[in-house]
Amino acid sequence: MPLLSMPLNPRYPHAREGIGRGIFLMVLAVSTFTCLDTTSKYLAQHYPVPAIVWARYVVQMLLMVAVLGPRLGMTLVRTANLRLQIIRGVVLTASSLVFLSALRLMPLAEAASIAFMTPIIVAVLAGPVLDEKVAGRTWLALAGGFVGVLLIVRPGGGLFTWAALLPLASAFMMAFYQMLTSRLAGRDTPLTTLFYPAVIGTLLVPLVFPHQLALPSGPLHAALFVLIGVLGGLGHFFLIRAHDYAPTSMLSPFMYAQLLTALALGWLVFGQLPDGVALAGMATISASGLLLILGHRRLQ
């Protein structure tokens, strides 16, 4: 059945307006996240990582309070799953700190590629954590993904340092974050689930890193600090809206468009372009993840 002629599904209230719009919003979301990573990487050359992560969550929280607070009031924070929301917020904050530390030490495209192990890790952990059957193709995808990581970092190469473990650690954290998000699906509103990580990040970072917060040194840096919060909020908004038009199984393959924007911005902003072997590693990780997603979609 052609994508654009699928029957209307009540779970996707705007599907009649076109699956293509959902795909466009997904590509827009991941491109926004790449702009967030690029801006954060630039700021990390001048400020401590915790200061940048904290600024992102503070701005995102304040924007949500200003825009949604008058309309939603206490509904924005009302939850019957406070423990899960807190754990999820802590995990996301930790992942943000670890991934930005990786960006500070590694090229943008290579760090983003290793972090894209997340969908494969989710599929593997679905067995012991979510009590789902793990198919053989999942293990093949995991093996292919790690081959891709090895091609990027290459033992003996310039990226073969402890820093290469940071985006991989972030990928494991994001896998756990996604599984927690799956457990919350249908229990709390999407806006509540989006709001809690911003609150947790705002409160947690100063408690753990009280001496690593810093004010921007000039108007340009101040604007960039605000920008990362705006980009974070916009990216998640586009992501939520994309799922109003199409199911996750259809949208997931288009997440890998983020690697293309990471390649482009890494070259344009930082003059960093992966060599042929690293590009092969990025392609291997992407192919492993895409084959896993498409295989799961075909079974459904």
Side-chain angles (χ1 to χ4, degrees), residues 14 18-44 49 52-64 66-68 89 92-93 95-100 102-104 107-116 118-119 167 170-171 173-174 177-178 181 190-191 193-198 201-202 220-246 248 250-270 272 282 286 289:
H14 302 292
I19 298 299
R21 183 170 295 184
I23 293 171
F24 169 76
L25 285 168
M26 172 59 79
V27 173
L28 187 60
V30 298
S31 300
T32 302
F33 289 137
T34 306
C35 292
L36 167 63
D37 292 340
T38 304
T39 308
S40 298
K41 179 176 174 63
Y42 170 79
L43 288 171
V49 166
I52 301 167
V53 173
W54 183 68
R56 170 195 169 178
Y57 287 120
V58 167
V59 173
Q60 183 177 331
M61 182 191 69
L62 292 177
L63 283 174
M64 292 191 72
V67 175
L68 301 174
L92 182 61
T93 302
S95 177
S96 299
L97 289 164
V98 171
F99 185 66
L100 182 51
L103 287 179
R104 189 175 191 175
L108 177 64
E110 283 87 336
S113 299
I114 296 174
F116 260 94
T118 295
S170 178
M173 292 178 192
M174 283 304 298
Y177 169 81
Q178 288 189 21
T181 303
L191 290 175
T193 301
L194 178 60
F195 184 64
Y196 266 94
T202 298
L220 174 60
H221 286 183
L224 292 179
F225 269 105
V226 173
L227 180 62
I228 58 176
V230 173
L231 289 172
L234 278 178
H236 284 287
F237 174 75
F238 292 144
L239 196 63
I240 291 170
R241 290 292 291 160
H243 287 82
D244 286 340
Y245 293 91
T248 300
M250 186 173 295
L251 295 174
S252 294
F254 294 93
M255 292 190 306
Y256 285 88
Q258 187 170 357
L259 293 182
L260 298 177
T261 53
L263 274 171
L265 289 177
W267 174 59
L268 289 172
V269 178
F270 304 107
Q272 299 169 338
M282 295 170 64
S286 301

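Please read all numbers here as calculations on a predicted model, not as lab measurements.
When all heavy atoms are compared, the tightest approach of Ala29 to Phe238 is CB-CB, 3.7 Å. In this structure, Ser286 and Leu259 approach most closely via the heavy-atom pair OG-CD1, 2.8 Å. The nearest pair of heavy atoms linking Ala115 to Phe99 is CB-CE1, 3.7 Å. Taking both residues in full, the closest heavy atoms of Met174 and Ser95 are given as CG-OG, 3.3 Å, listed atom of the first, atom of the second, then distance. Ser31 approaches Thr261 most closely through the heavy-atom pair OG-CG2, 3.5 Å. Nearest heavy-atom pair across Ser96 and Tyr57 is OG-OH, 2.7 Å.
At least one donor-acceptor pair closer than 3.5 Å links the side chain of Trp54 to the backbone N or O of Thr202. For Thr32 (side chain) and Leu231 (main-chain N/O), no donor-acceptor pair under 3.5 Å exists by modelled atom type.
Aromatic ring pairs are classed by plane angle as parallel below 30°, tilted from 30° to 60° and perpendicular above 60°; the pair Phe116 and Tyr256 is tilted.
Residues passing the ring-ring contact (aromatic ring centres under 6.0 Å, His included) test with Phe237, sequence neighbours excluded: none. Evaluation of the ring-ring contact (aromatic ring centres under 6.0 Å, His included) rule for Phe195 yields no partner, not counting sequence neighbours. Under the ring-ring contact (aromatic ring centres under 6.0 Å, His included) criterion, Tyr177 pairs with no residue at all, not counting sequence neighbours.
The CE atom of Met255 lies 8.5 Å from the OG1 atom of Thr118; values are rounded to the nearest 0.5 Å. Atom-to-atom distance recorded for Met282:CE and Ser113:OG is 3.0 Å, nearest 0.5 angstrom. With values rounded to the nearest 0.5 angstrom, Thr39 atom OG1 is found 11.5 Å from Arg56 atom CZ. Rounded to the nearest 0.5 angstrom, Thr34 OG1 and Leu265 CG are separated by 6.5 Å. Put simply, CG on Leu36 and CD1 on Ile52 are 10.5 Å apart, with the number rounded to the nearest 0.5 Å. Rounding to the nearest 0.5 Å places CG of Asp37 at 6.0 Å from CG of Leu108.
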